[in-house]
Amino acid sequence: MGSLRTWSLAIAAGLLVAVVTHQRSTAFADSLQGGSSPAPLRLASTAGPGGTAAAPEVTGLPDFSGLVERNGPSVVNISVIEKPQQSNVMQWNGNDPLSQFFRQFQMPPQQMPPERAIGSGFIISTNGYILTNAHVVDGAARVTVKLTDRREFPAKVIGMDKRSDVALLKIAAHGLPAVRFGDPSKIKPGQWVVAIGSPFGFDNTVTAGVISATARALPGEDNYVPFIQTDAAVNPGNSGGPLFNMQGQVIGINSQIYSRTGGFMGMSFAIPINIALNVKDQLLKYGTVRRSRIGVEVQDLNQQLAESFGLGIPHGALISGVDPKGPAKLAGLRPGDVITSVNGQPIERSIDLPTIIAELPPGSIAHLGIWRDHKATIVDVRTVLLHGRGTELASNGSVHGDGGKLGIAVRELNPDERRQLHTRGHLVIEGVSGPALTAGLQAGDVVLGVNGMRVDTVEQLRRAVAKAGHSVALLIQRDNAQIYVPVDIG
């Protein structure tokens, strides 16, 4: 009898749990049914033992249908026919009888068939201006824009800027639905975003995710874009499409993904819309994009480098190289200076500097906040127009150690070796061990300075290391690049 009562109670409890679960599932399903605006994420918390709050329970998700309904017609499909490339299949020798036969009858050389490519874009004005990626339309013989109402228009490429990967198109149409713009400076990691585009040619595909990071620097020679990183799914064909915030405003242009397979792996990158609009304005005004430079190479500071230069918190752009013919050299800037601001605007990371300098008019004065010799100062530099990239070992002779503190063996370079290496340095590393090996120094690196001070002799290097604290910032030249390497010497 006791066991029967126990089974009855267990069945009743199970039914109660099932009813509660069904009610919650129904409420969750109802919350996903349409809506004119995104619904906020609702959390319900329950009290735990002793009245403490338990972990919040998710009972709803955002509804993006209203955002997509309003903005979907502004997103376009872009198809490109690329210029045909001459095939290498029929490159005959001039003495080949077959080659002479084709020349005699004036038959054209064989060409590869034109390739089609698909991308995305979005309408920024009612009279037909459209933004997309430069790589979508680069090398195009013909560009066609298709709207969501299935109308198609030939598009003219007004201009493109490969450094920022932004292109401006124009179609002959009026009364078009245009997007609204948001402020990328106000976005935060964790906020919802929506991407609309044509992945693999599927028009107006909607994906959603969150902002993963802001001002993300990506590898490249010309890095002027602090990318917005998201986990919204972006695939081939999404390039050039808009990234929306929850207010339905465009905050970026989807441009790149990080992938080891060629497909989406959870990391996509968008160009902030304020940078794209600046490019658009210049393309309309000048037909090209004019950027400024001051002639420095910079890198980020970590905690060890910051301590080496007397900075409490790592921030700013550390100068690792100065163009000997550039404006920074004329203004007295030197490796080891840390640029902390431009015209009062703080520089938190090295990526901030080229972005801010590039947007200044060429020929203008940039007031740079500089940290030098453990104190702050101001240096004025006149910017110049950026044209190109704008950049900023044989073993012989006696080898000297540094007493084991740093862990390198160096020797002095003779004039011929310095010319061969295209270096202004005098000391080359012959061997590494201990702290230097851990820090990543290599044989063949040329030592240029220690903690912002130039060193030309072994004795100067020894004195500089002896005066250093627990960490040394060693300026080296490796190949054609100058970088600071922090070495923890205990």
Electrostatic pair D337:K375 at N-O distance under 4.0 angstrom
no
Taking C-beta and beyond as the side chain, do N71 and F122 meet within less than 4.5 Å on heavy atoms?
no
Which residue, T355, I357, V342, T340, forms the side-chain contact (heavy atoms from CB on, under 4.5 Å) with I347?
V342
Taking all non-hydrogen atoms of both residues into account, name the closest pair between I271 and S164 and its distance.
CD1-O, 3.1 Å
For S212 and T230, does a side-chain donor sit closer than 3.5 Å to a side-chain acceptor?
no
Do N238 and N254 have side-chain N/O donor and acceptor atoms under 3.5 Å apart?
no
Could I get the full list of side-chain contact (heavy atoms from CB on, under 4.5 Å) partners for K170, not counting sequence neighbours?
Y129, I158
Test log, rule side-chain contact (heavy atoms from CB on, under 4.5 Å), inputs N451 and V472:
CA-CA 6 Å; N451 291 354; V472 170; 4.2 Å; yes
Closest non-hydrogen atom pair, D300 against G316:
OD1-O, 4.4 Å
Measure the NZ-CZ distance between K467 and R462 for me, rounded to the nearest 0.5 Å.
15.5 Å
Given side chains that start at C-beta, do those of P272 and I251 come closer than 4.5 Å, heavy atoms only?
no
Does any donor atom in the side chain of T423 or Q477 lie under 3.5 Å from an acceptor atom in the other side chain?
yes
Look at K162 together with D138 and state whether they make a salt bridge at an N to O cut-off of under 4.0 Å.
yes
Reported CD-to-CG distance for the pair E307 and N302, which is rounded to 0.5 angstrom
9.0 Å
Using a 4.5 Å cut-off on heavy atoms from C-beta on, say whether the side chain of L318 contacts that of V298.
no
With the side chain counted from C-beta on, respond yes when T383 and P327 share a heavy-atom pair under 4.5 Å apart, and no when they do not.
no
Tightest non-hydrogen contact, residues G425 and L448, listed as CA-CD2, 3.4 Å
I'd like to check P62 versus W192 (side-chain heavy atoms, cut-off strictly below 4.5 Å). Are they in contact?
yes
Going by the ring pair (Phe, Tyr, Trp, His ring centres under 6.0 Å) test, which pairs reach into residues 279-314, not counting sequence neighbours?
F309-Y484
Are R382 and D380 close enough for a salt bridge, meaning some N to O gap below 4.0 Å?
no
Looking at every non-hydrogen atom in both residues, tell me the closest pair between D231 and V210 and how far apart they are.
OD1-N, 2.7 Å
If you measure from CZ on R454 to NE2 on H426, what distance do you get to the nearest 0.5 Å?
6.0 Å
Can you find a side-chain donor-acceptor pair between S239 and H135 that sits under 3.5 Å?
yes
Supply the atom-to-atom distance S350 OG to Q299 CD, rounded to the nearest 0.5 angstrom.
8.0 Å
Grab the two heavy atoms, one from N133 and one from S255, that are nearest each other, plus how far apart they are.
OD1-CA, 3.5 Å
Worked check of salt bridge (charged side-chain N to carboxylate O under 4.0 Å, His left out) between R418 and D456:
CA-CA 12 Å; R418 293 179 63 204; D456 293 330; over 6 Å; no
Polar contact flag, side-chain donor to acceptor under 3.5 angstrom, Q282-N278
yes
Could you tell me whether D161 and R291 have a side-chain N and a carboxylate O separated by less than 4.0 Å?
yes
Roughly how far, to the nearest 0.5 Å, is CG of L284 from NZ of K280?
6.0 Å
For a quick test of reading the model, state the closest non-hydrogen atom pair linking P362 to V384 and the distance between them.
CB-C, 4.2 Å
